[in-house]
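So the structure is just underneath, and the comments pick up after that.
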Number of protein chains: 2
Amino acid sequence: MTVTIYDVAREANVSMATVSRVVNGNQNVKPATRKKVLEVIERLEYRPNAVARGLASKKTTTVGVIIPDISNTIYAELARGIEDIATMYSYNIILSNSDQKEDKELELLDTMLGKQVDGVVMMSDNVTSSIQQAIKSSPVPIVLAGSVDEKKEAASVNIDYYQAAYEAVRILVGNGHKRIAFVSGPLDYTINGIYKLAAYKQVLEDANIELDEQLIVAGDSTYDDGISAYEELAVISAPPTAYFAGSDELALGLIHAAQDAGKHVPNDIEVISFENSKLARMVRPQLSSVALPLYDIGAVAMRLLTKIMNKEEVAEQTVVLPHHLEIRQSTK
Amino acid sequence: MTVTIYDVAREANVSMATVSRVVNGNQNVKPATRKKVLEVIERLEYRPNAVARGLASKKTTTVGVIIPDISNTIYAELARGIEDIATMYSYNIILSNSDQKEDKELELLDTMLGKQVDGVVMMSDNVTSSIQQAIKSSPVPIVLAGSVDEKKEAASVNIDYYQAAYEAVRILVGNGHKRIAFVSGPLDYTINGIYKLAAYKQVLEDANIELDEQLIVAGDSTYDDGISAYEELAVISAPPTAYFAGSDELALGLIHAAQDAGKHVPNDIEVISFENSKLARMVRPQLSSVALPLYDIGAVAMRLLTKIMNKEEVAEQTVVLPHHLEIRQSTK
DNA sequence: ATGAAAGCGCTAACAT
DNA sequence: ATGTTAGCGCTTTCAT
């Protein structure tokens with residue numbers, strides 16, 4: 001039914017080994033036989049069975065990708081970076097969504113390892129100790145992309161979130177604000193709860209502004225959460241005049257809610273976000289934002305993985321990519 | 001090194017066949033032996049090798065997904081629908097981007113078939129005859145998601161694009177417009193060049209409005225393309241007063257360019273788009289749009305694929321999902 | 001209910 | 001340069 005390497009060998013009057021050699025580009029084949037074999041392959045429309053190959057060679061040339069949610073642009077961008085580099089190195093990707101649930105992450109990792117992936121790149125906003133444990137005991141390399149393992153034991157690619165957040169909030173302080181809100185996604189995500197929050201607090205402290213816990217609002221990272229956050233903060237005694245938003249959608253919700261309340265952005269209130277998605281340019285006012293190099297993080301993570309899978313020396317398992325601020329119209 | 005089914009069999013004093021049975025949930029195992037085997041599996045941390053399994057059983061429980069670009073929200077949404085249903089039926093997904101290049105599509109299909117996927121779902125804005133041919137000669141089922149094969153030979157899941165476009169343009173005519181532009185993505189994509197365009201022309205004809213080819217502008221589907229399209233159309237002798245945009249980004253570009261030119265939307269000009277992404281609600285004015293059930297298209301396509309892979313009877317290989325119009329603020 | 005044994009299609013020594 | 005031969009780890013008849 002399906003044509004195998006054996007059929008090709010027989011038709012070409014050579015051994016399976018020789019066919020295998022030409023298929024795998026081994027140089028130890030006389031040009032004439034190579035040509036003959038290639039012809040038979042073409043004629044029989046032979047297509048090597050990668051599963052059999054994987055069993056025999058213990059390499060599948062596929063890597064697993066565990067992502068919270070591919071329909072979220074942040075992760076989609078990362079995924080694209082991963083896939084492009086994977087393709088470049090002839091790997092395919094098994095992609096699964098975890099919805100940021102620890103049990104799903106663990107389960108996905110297990111089934112991917114069962115499928116004998118050669119490595120995995122994983123995104124997780126909360127690298128728990130179970131995950132750390134799973135990474136440590138994995139038979140194949142795992143690299144974290146845009147995800148921080150506080151113990152720094154796992155290979156990972158990130159930016160300096162603390163520094164980036166510090167710079168963003170500093171802009172607001174620099175523009176004279178004293179009442180600055182931090183509207184964030186879930187604080188149990190390391191990047192939010194540890195890095196951004198610490199940076200926010202530090203900027204205030206460095207500027208001798210007293211911290212007001214009321215100004216820290218955490219929820220999800222959606223547009224509607226931004227709207228609610230604004231409404232919640234608008235009614236406190238001394239409402240904020242500036243906002244550090246954890247995402248572009250949050251920032252946009254904040255801005256629209258402010259505008260609906262008759263405020264002008266950036267004249268009455270200023271907003272700076274953390275993401276710089278395509279959205280940032282497509283809204284009015286355009287968003288000032290910390291630019292996350294999402295595609296690059298994915299690409300570099302995958303590249304790092306190829307090196308580790310290849311047993312090349314890697315100088316540093318924890319890579320930190322540069323970031324920058326994109327100042328547009330939501331700040332003065 | 002790695003523990004195999006043989007190790008488990010030896011430790012549990014049973015044969016490989018029995019271990020295989022318990023792993024696969026075969027009922028022909030005495031509860032006592034099942035328990036014993038399960039214990040050994042747990043103790044040895046045995047994890048079945050899916051590659052070996054795939055070679056022996058000729059099933060990999062993985063399906064291929066070929067998509068133009070995962071970083072594009074339209075496709076990301078579709079992909080999420082596909083993956084959710086795949087997970088539900090215990091399949092994993094090999095995901096690859098084609099960038100809508102025919103040669104990459106063909107190549108990806110080939111490597112996926114080489115990896116012995118059990119089926120594939122494919123998105124392509126231009127199902128060429130080579131692709132049709134490849135689908136026809138595939139050893140495993142292939143279903144198209146949100147992609148039309150004009151010959152209707154391949155299984156597919158879509159909405160009625162012609163009807164949806166007709167309704168959208170009809171709204172504009174209903175609001176009294178005579179100069180209606182069609183700002184589209186590439187016209188060599190079937191949905192644009194055949195369905196939407198035909199619908200656009202038909203609405204005009206039915207309303208006795210003369211077709212003006214000048215009002216048909218095709219480019220890419222980005223925000224910037226929307227801006228350019230507006231600028232291009234603004235300088236013709238009788239500029240359009242209404243726009244049928246091929247995507248949300250296009251619509252938004254059109255709107256912002258109009259606003260920058262001092263026009264009010266929807267009072268001076270009206271815009272209706274074709275997509276209804278999250279963006280539609282997050283901009284001002286909010287976009288009136290044809291709502292594409294992207295997630296559902298992906299989900300139903302995957303469900304259809306499971307049925308075909310399972311050799312179940314499917315009443316209709318060409319499924320057409322319902323759509324609706326979401327009228328917001330960019331139209332009166 | 002359980003076991004024996006023959007593959008699945010290929011790679012990778014090892015010979016020659 | 002080419003062929004022979006073991007496996008890779010599992011499923012699947014076929015016996016018993």
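Throughout, protein chains are lettered first and strands after them, A, B, ... in sequence-line order, and every chain is numbered starting at 1. For the numbers below, each heavy atom of this structure counts, side chains included, while hydrogens, waters and symmetry mates do not.
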* Using the test side-chain contact (heavy atoms from CB on, under 4.5 Å), find all partners of Pro139(A) that sit at least two apart in sequence or belong to another chain. => Leu113(A), Arg47(B)
* Asked: By side-chain contact (heavy atoms from CB on, under 4.5 Å), which residues pair with Lys30(A), not counting sequence neighbours?
  -> Thr33(A)
* **Axial bend angle, the helix from dA1(C)-dT16(D) to dT16(C)-dA1(D): five-pair end segments, nearest 10°** => 30°
* Phosphate-side-chain proximity, Ser15(A) and dT4(D), N/O vs OP1/OP2 below 4.0 Å -> no
To the closest 0.5 Å, what do you measure between [atom1] ([X]) and [atom2] ([Y])?
X: Leu144(B); Y: Thr318(B); atom1: CG; atom2: OG1; answer: 9.5 Å
X: Leu292(A); Y: Ile159(A); atom1: CG; atom2: CD1; answer: 5.0 Å
X: Ser129(B); Y: Ile135(B); atom1: OG; atom2: CD1; answer: 11.0 Å

* With sequence neighbours excluded, tell me which residues meet side-chain hydrogen bond (donor to acceptor under 3.5 Å, both in side chains) with Asp125(A). => Tyr75(A)
* Asked: Separation of Asp7(A) atom CG from dC8(C) atom P, in whole Å?
  -> 11 Å
* Asked: Taking DNA chain D as the partner, which of residues 25-37 of chain A come within under 4.0 angstrom of it by heavy atom?
  -> Asn28(A), Val29(A), Lys30(A), Thr33(A)
* Asked: Does atom CD of Glu45(A) have more than 12 heavy-atom neighbours from other groups under 6.0 Å away?
  -> no
* Got a sec: does the CD of Glu42(A) have more than 12 other heavy atoms crowding it under 6.0 Å? -> no
* Under the 3.5 angstrom rule, does the side chain of Thr87(A) hit a backbone N or O of Ile85(A) as a donor-acceptor pair? -> no
* **Short N-O contact, Arg80(A) and Asp99(B), less than 4.0 angstrom** => yes
* Asked: Just by protein heavy atoms under 4.0 Å, how would nucleotides 8-16 of chain D read 5' to 3' in B, S and -?
  -> BBBBB----
